[in-house]
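Comments concern the structure below.
Just so you know, ligand 1 is whichever comes first in the structure, and atom 1 is the first atom listed for that ligand. In this text the structure is predicted, and so the values were computed from the model without any measurement.
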Amino acid sequence: MSTDTFLQIVTLLSGLPIGRVMLIGGEPTIHPNFLEAVRTLKKAGMDVAVLSNSIKFEDNNFLKQTIEAGVSGIMTSIKGGNASDYLQGTGSPSAFTKVMRAISNIEASGTPHEVSVTVCESTMKSFADIIETVKTSWARRFLVDTERPVLLSGGLKPGNFPDCAKIAAFLMSTYPALVQSGLNFSIKVSIPFCHFPPSFIRQMREDNHLASGCQMINGSGLIFDPAGKLLACNHLCENPLGTLGLDFSDGEGYYAFRNRPDLTGFYKRMGTCPDQRCVECEHWTLCGGGCKLHWLCAGANELLGQYSEKGGKP
Ligand code: SF4
Ligand code: SF4
């Protein structure tokens with residue numbers, strides 16, 4: 001992202017009731033103006049958090065500069081639970097060790113911190129190692145996310161059709177190990193809840209381990225790509241809603257843009273039940289039918305059939 005685009009975004013945000021900005025990537029910490037960007041946002045009155053692979057925070061000095069610049073929360077996204085996973089994913093033999101050092105540095109700094117992992121084909125294979133790694137890293141919070149499809153301009157990203165049933169079966173089999181680990185964890189479920197028996201959803205809710213929610217349902221949050229294009233969600237990365245500087249530049253312009261019939265229509269459709277079975281489902285508020293992008297990969301009966309209370313098996 002260029003400095004110009006970044007400053008235009010800050011001007012826009014200053015005219016909107018937005019209190020928190022999350023810097024995501026790619027990898028935000030390797031941007032040459034990362035620290036300056038944090039300072040600018042902080043000066044504009046924002047709370048600044050960063051989602052990072054955290055490799056750069058292996059350097060305590062860089063971590064210190066980041067905190068001094070104004071970052072008040074870090075989320076470390078981990079890609080595996082051992083050196084060989086990281087070698088395969090990053091090509092770097094030292095990446096795993098660096099991330100482990102970084103986590104320990106961040107925890108020691110006292111900065112609010114969460115370690116996150118996405119359940120997908122590759123992480124499922126070494127999840128026992130991932131749990132052990134997070135446990136030994138002394139991370140205070142652990143977020144388990146579930147893989148979601150990505151929609152590019154030409155259609156769904158090839159090879160990225162998460163198997164919801166497989167993810168559900170995996171989460172159910174891994175849940176006892178997560179509980180036994182003693183970690184302070186949440187599972188962000190973005191697959192339709194009716195892939196789980198109702199008793200499992202109840203259990204996660206009672207244990208306070210269930211997180212969910214698609215920002216497109218309530219239309220909250222603004223996401224900008226590096227060119228200043230506004231995205232409804234970062235998995236719709238080549239399908240922007242509009243462009244900063246063309247469609248709007250300040251808070252007032254943004255509200256006018258957001259109230260356009262095509263925009264309100266889009267968000268209305270996103271907040272609508274995707275299937276009749278969802279309409280009276282007791283889980284609708286939390287589940288919302290799961291990530292809407294799963295619906296581009298699979299049909300209603302595949303997504304809702306197994307345990308839905310209307311029309312599926314009990
Ligand atoms: S019926 Fe719809 S709202 Fe209910 S659990 Fe299934 S996907 Fe979620
Ligand atoms: S559609 Fe919703 S749940 Fe799916 S990736 Fe986008 S914001 Fe997340």
* CG/Asp262: more than 12 non-hydrogen atoms of other groups inside 6.0 Å -> yes
* Minimum-distance protein heavy atom relative to atom 2 (Fe) of ligand 2 -> Cys214 SG, 2.3 Å
* Asked: For atom 8 (Fe) of ligand 2, what's the nearest protein heavy atom and its distance?
  -> Arg148 NH1, 3.1 Å
* Check each atom of ligand 2 against the heavy atoms of Met216 and keep those under 4.0 Å away; list them by number with element. => 1 (S)
* Cys287 neighbourhood, listing ligand 1 atoms whose heavy-atom distance to it stays under 4.0 Å -> 3 (S), 5 (S), 7 (S), 8 (Fe)
* **Atoms of ligand 1, numbered as shown, that sit under 4.0 Å from any heavy atom of Leu304** => 6 (Fe), 7 (S)
* **Distance-only side-chain donor-acceptor flag, Ser77 / Lys79, under 3.5 Å** => yes
* Subset of ligand 1 atoms that lie under 4.0 Å from at least one heavy atom of Pro192 -> 7 (S)
* Looking at Cys278, which atoms of ligand 1 are within less than 4.0 Å of one of its heavy atoms? -> 1 (S), 2 (Fe), 3 (S), 7 (S)
* With a 4.0 Å cut-off on heavy atoms, is Gly289 touching ligand 1? -> yes
* atom 4 (Fe) of ligand 1 to nearest N/O/S of Cys281 below 2.8 Å -> yes
* Asked: If we ignore angles and hydrogens, is there a donor and acceptor under 3.5 Å between the side chains of Arg148 and Thr118?
  -> no
* Structure fact -> the protein heavy atom lying closest to atom 6 (Fe) of ligand 2 turns out to be Cys233 SG, 2.3 Å
* Asked: Is the CZ atom of Arg205 crowded by more than 12 outside heavy atoms at less than 6.0 Å?
  -> no
* Asked: If you count the atoms of ligand 1 from 1 in the order shown, which ones are under 4.0 Å from a heavy atom of Arg277?
  -> 1 (S)
* Parallel, tilted or perpendicular: ring planes of Phe224 versus Phe248, cut at 30 and 60 degrees -> tilted
* Pair Asn301-Arg277, side-chain donor/acceptor within less than 3.5 Å -> yes
* Strictly by modelled atom types, are Thr90 and Ser92 linked by a side-chain donor-acceptor pair under 3.5 Å? -> no
* **Which of the ligand 2 atoms, numbered from 1, are nearer than 4.0 Å to a heavy atom of Cys291** => 1 (S), 3 (S), 4 (Fe), 5 (S)
* To do: Could you label the plane-to-plane angle of the Tyr175 and His209 rings as parallel, tilted or perpendicular, counting under 30° as parallel and over 60° as perpendicular?
  => perpendicular
